[in-house]
Amino acid sequence: MLEWQQEVKDNSEFMESLKIDLFDDTVFVFTPKGAVYEFPKGACPIDFAYRIHTEVGHKCTGARVNGRIVPLDFPLGNGDIVEIITSKNSPGPSHDWLTFVKTSSAKSKIRNWFKKEQRQDNIIKGRDMLEKELRRKHLSSKEFLKEERLLEVARRFSLNTVNDLLAAIGDGVITAGQAINRIKEMYFPDAQVEDMLSVPVNPDAGYKRANAALSIKGVDDVVIRLAHCCNPLPGDRVLGYITRGRGVSVHREDCPNLQNYLRHEKDRVIEVEWSDRKGIYVVELEVKAFDRPRLTTDVLTVIADQHVQINSVFSRVTRNQQAVMDFKLEIKDMSQLQALMQRIQKVQDVLEVRRSLPGEVRGD
């Protein structure tokens, strides 16, 4: 270095030669306060941000190098002064960052962020899959999704928490059916499936309601029950299915179970008709909307204003930032349902309101 300094009279030329010859694979950059950091050649502002602090990296939205705004993939040079621009509203790291960051620590922190985000998505997805599977099998969510039961099932799968179990279901490592079967084995070993059905506390009330609202041409004193797989409502086009020992179950004409009966047991399907008597009927609604604060509260307020009883609510946010809300309601008749759906449709940011079949697989 002393020999170079004697040979080169220009100080700036000496420093440039020094940087090129001694630090060809390394760059040294500064913070606005003068702290110096060493990086591999080709490092960018994202590497610098994660070296400062993990949260600075996650919230990074831009950078200034030597007082000038630069792209996030801008290669840093020796002596650069780097300032990171952050925002509380930053969506977080982008997958593109992994293609141009140079330091292993930055890559590791970015990957960990995505793993954590994916885990949250899988937890929501896993609970949704459990709910759907229980509805498909007409099993009680109240009984099966108790926290202590899910925790014990998680431990049986060598997992530590309920969220670990839900994440595993959402990720496909464990199926919803396996989890439900494990709960059955542990807590309902001698129970019949019918004993765990999601039905009214007093089954006779359901029979009486259906018998009062429906009739079979030329037949009296037959137990008529509304099928829980499609929850028919006065005004729906319906048909009856003669069950083995449990009377007649009434299904909507678009019910998949009824379609199966028509294909394989058509002789057991009969005509039924609605009477003029009023009753209370369970209906499931699906509401899709752009997600925003107080969205669910606004929809619940509309339902309450219509004096409609809410049995359950399940809401979630999809990956495209749409909110999906599933409601189980008690409705008097078709006109009340249609009026309610029209009012919900007018709520700000609501995209679609539709009646759904219990347990049907919904696309997110």
Side-chain angles (χ1 to χ4, degrees), residues 111-199 227-231 251 254-261 263-264 282 284-288 311-328 354-364:
R111 290 194 182 104
N112 285 338
W113 187 90
F114 283 115
K115 286 180 181 178
K116 184 178 179 181
E117 288 298 301
Q118 185 177 12
R119 174 179 165 82
Q120 293 302 317
D121 287 344
N122 283 334
I123 288 172
I124 296 171
K125 184 179 177 182
R127 185 172 288 278
D128 188 21
M129 292 169 69
L130 271 179
E131 291 270 2
K132 287 178 179 177
E133 185 67 11
L134 289 170
R135 288 198 296 265
R136 189 180 70 82
K137 294 183 175 181
H138 314 303
L139 297 173
S140 170
S141 297
K142 183 178 178 181
E143 290 298 322
F144 275 78
L145 298 187
K146 288 182 176 179
E147 196 78 6
E148 63 273 13
R149 290 179 179 174
L150 291 177
L151 180 58
E152 189 58 35
V153 170
R155 289 170 178 163
R156 294 294 179 93
F157 284 106
S158 301
L159 301 170
N160 295 323
T161 67
V162 173
N163 281 345
D164 289 342
L165 174 64
L166 297 176
I169 294 172
D171 197 34
V173 177
I174 300 170
T175 68
Q178 286 176 321
I180 291 171
N181 288 337
R182 189 61 62 90
I183 295 174
K184 282 184 184 179
E185 293 169 5
M186 294 167 58
Y187 296 101
F188 306 100
D190 301 320
Q192 297 295 322
V193 174
E194 289 80 3
D195 296 332
M196 294 178 283
L197 289 177
S198 177
V199 297
H228 291 285
C229 55
C230 58
N231 287 334
H251 299 257
D254 60 352
C255 175
N257 286 337
L258 179 64
Q259 299 304 315
N260 184 58
Y261 298 148
R263 283 193 297 270
H264 302 290
V282 176
E284 293 195 17
L285 288 186
E286 180 186 75
V287 179
K288 290 184 178 180
N311 286 351
S312 66
V313 181
F314 176 65
S315 61
R316 62 200 182 279
V317 178
T318 64
R319 292 185 178 179
N320 60 0
Q321 296 304 304
Q322 281 191 5
V324 181
M325 294 166 281
D326 296 318
F327 296 92
K328 185 177 288 186
R354 73 180 187 92
R355 187 176 171 193
S356 55
L357 291 172
E360 75 173 89
V361 177
R362 302 171 176 88
D364 290 346

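Sequence positions, counted from 1, serve as the residue numbers for this chain.
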Please lay out, stage by stage, how Gln178 and Asn181 fare under the test side chain to side chain contact (heavy atoms under 4.5 Å, CB included).
-> CA-CA 5 Å; Gln178 286 176 321; Asn181 288 337; 5.8 Å; no
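Between Leu145 and Glu131 there is a side-chain heavy-atom pair separated by less than 4.5 Å. Leu159 places none of its side-chain heavy atoms less than 4.5 Å from the side chain of Val153. Residues Lys125 and Asp121 have side chains not in contact (no heavy-atom distance under 4.5 Å, counting atoms from C-beta outward). At least one side-chain heavy atom of Val324 sits less than 4.5 Å from a side-chain heavy atom of Thr318. Side-chain atoms of Asn112 and Lys115, non-hydrogen and from C-beta on, do get closer than 4.5 Å to each other.
Using a distance-only test at 3.5 Å, with no hydrogens or angles considered, a donor-acceptor pair links the side chain of Asp164 to the main chain of Thr161.
One finds the CG atom of Leu151 at 14.5 Å from the NZ atom of Lys146 (value rounded to the nearest 0.5 Å). Rounding to the nearest 0.5 Å gives a distance of 12.0 Å between CG of Asp128 and CG of Asn122. With rounding to the nearest 0.5 angstrom, the CD atom of Gln322 is 11.0 Å from the CZ atom of Arg316. Once rounded to the nearest 0.5 Å, the distance linking CE of Met129 with CD1 of Ile180 reads 10.0 Å. The distance from the CG atom of Leu150 to the CD1 atom of Ile183 is 5.0 Å, given to the nearest 0.5 Å. Within the model, atoms CZ of Arg182 and CG of Leu165 stand 10.5 Å from one another, a figure rounded to the nearest 0.5 Å.
Classification of Arg156 and Glu152 as a salt-bridged pair holds, one side-chain N sitting under 4.0 Å from a carboxylate O.
Residues Leu130 and Ala176 approach most closely at CD2-O, 3.9 Å, considering heavy atoms. In this structure, Leu285 and Arg355 approach most closely via the heavy-atom pair CD2-CA, 3.8 Å.
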